[in-house]
Asks: 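Here it is, the structure, as structure tokens.
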2 protein chains.
Amino acid sequence: MDEVKGSNGDAGIPSTVVFRLGTLGTVAADRFAAAIEPLDLKPKHVGLMASLAHGEASASQQELAGRLGVVPSLVVSLADHLERLGAVQRVRDPGDRRRQILTLTEHGRALLAQCTATARELDERFTAVLSSQQRAALQEALAILAAEAGLPTK
Amino acid sequence: MDEVKGSNGDAGIPSTVVFRLGTLGTVAADRFAAAIEPLDLKPKHVGLMASLAHGEASASQQELAGRLGVVPSLVVSLADHLERLGAVQRVRDPGDRRRQILTLTEHGRALLAQCTATARELDERFTAVLSSQQRAALQEALAILAAEAGLPTK
DNA sequence: TATTGTTATACTCTATAACTATA
DNA sequence: TATAGTTATAGAGTATAACAATA
């Protein structure tokens with residue numbers, strides 16, 4: 001018989017989902033950050049670009065702050081950097097001149113595509129120890145949890 | 001037939017494992033941090049206690065720094081705080097009086113047990129949207145990835 | 001007066017470097 | 001001279017608060 005049945009009474013905090021997501025999340029984020037560093041981008045920049053690429057290709061900075069779950073002043077510096085790189089454009093909303101509408105440029109799309117390719121390469125190496133069934137199951141579970149947590153899904 | 005077969009060509013960076021682990025990891029870590037805040041603990045404190053609880057119940061600060069993947073000076077402040085709470089004890093190694101041996105106290109064990117219970121409650125709510133098969137598959141995949149990444153497994 | 005974006009400032013986390021004691 | 005731990009300092013990242021332009 002198996003020594004473990006159902007939930008292991010001896011299993012400590014490292015075997016909980018929250019703990020493992022936290023620690024693995026840090027590892028994944030660090031590796032991704034290192035991989036995109038040559039592009040002069042941080043994960044948050046990629047998050048902003050991804051948010052602009054999804055559906056409506058433009059948004060006000062307030063909207064972005066809400067979507068990313070960060071404070072508006074942080075969007076300013078992220079957008080400043082991306083604008084300097086030529087990845088996004090700021091245009092005053094003619095209907096409400098207080099608002100800055102951010103749109104992804106062609107170069108921005110190219111950069112985002114590069115980041116996506118990089119992430120996929122990392123995925124392959126990172127999940128190489130998993131069987132294809134395990135990998136698919138992981139993808140599925142993470143997608144559901146991300147949707148539930150209100151995180152970008154597509 | 002399904003619109004998606006194998007890997008979705010339209011899937012953006014948010015659907016990669018690294019990106020999702022990163023974002024979900026932040027969410028999980030934030031929730032856990034909020035939950036243990038009443039205990040006057042941060043996730044890193046719990047990580048240190050968990051490291052001491054596993055197998056050999058004591059270690060030098062250098063060893064801990066290595067295990068946690070942080071710099072020794074950070075272990076000092078973590079240990080300071082835990083010592084103030086009565087969760088760990090510092091004892092000079094008689095064999096090498098430069099070394100401080102950290103051991104978990106009874107109170108430390110009790111605190112860690114509380115954190116573990118808290119993490120399990122969070123797990124239940126966090127993974128409530130998953131079927132039991134999906135939850136088991138997630139557990140399995142995360143355990144494998146954690147082991148592969150050299151993170152605590154038990 | 002309220003809201004958008006911006007700037008100035010402060011706080012948290014963690015690392016690097018300098019220092020003390022022991023070896 | 002080298003190492004364990006400590007203390008002092010600095011940097012990255014992000015939030016809060018004050019401000020300017022527009023509504």
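Just so it is clear: chains get the letters A, B, ... in the order the sequence lines come, proteins before strands, and each one is counted from 1. Excluded from the calculations below are hydrogen atoms, water molecules and symmetry mates; all remaining heavy atoms, backbone and side chain alike, are included.
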Asks: Which of residues 25-40 of chain A sit near DNA chain D, with a heavy atom under 4.0 Å from it?
Replies: none
Asks: Check the distance between C/dT4's P and A/L102's CG and give it to me in whole angstrom.
Replies: 14 Å
Asks: Regarding B/Q62 and B/R99, is there a side-chain donor-to-acceptor distance under 3.5 Å anywhere?
Replies: no
Asks: Which atom names give the shortest non-hydrogen contact between B/L104 and B/A87, and what distance separates them?
Replies: CD1-O, 3.5 Å
Asks: Can you give me the closest heavy-atom contact between A/F19 and B/P152, atom names plus distance?
Replies: CE2-CG, 4.4 Å
Asks: Provide the closest heavy-atom pair for A/G12 versus A/S15 in the form atom of the first, atom of the second, distance.
Replies: O-OG, 2.7 Å
Asks: Distance-only, no hydrogens or angles: does the B/S58 side chain make a donor-acceptor pair with backbone N or O of B/I101 under 3.5 Å?
Replies: no
Asks: Is any side-chain heavy atom of A/T16 less than 4.5 Å from a side-chain heavy atom of B/F32?
Replies: no
Asks: How long is the straight-line distance from CG of B/L151 back to CZ of B/R67, given to the nearest 0.5 Å?
Replies: 14.0 Å
Asks: Figure out the CD/P separation between A/Q61 and C/dT7, and round it to whole Å.
Replies: 10 Å
Asks: Looking at B/R99, I'd like to know whether one of its side-chain N or O atoms comes within less than 4.0 Å of OP1 or OP2 on D/dT6.
Replies: no
Asks: Rounded to the nearest angstrom, tell me the gap between atom CG in B/L64 and atom C1' in C/dT14.
Replies: 17 Å
Asks: How about A/E83 and A/Q89: do any of their side-chain heavy atoms sit closer than 4.5 Å?
Replies: no
Asks: Taking atom C1' of C/dT22 as reference, at what distance in whole Å does atom CD of B/Q100 sit?
Replies: 12 Å
Asks: What one-letter contact string describes nucleotides 7-23 of chain D from 5' to 3', where B marks a base within less than 4.0 Å of any protein heavy atom, S marks contact via sugar-phosphate atoms alone, and - marks no contact?
Replies: B-----SSSB-----BS
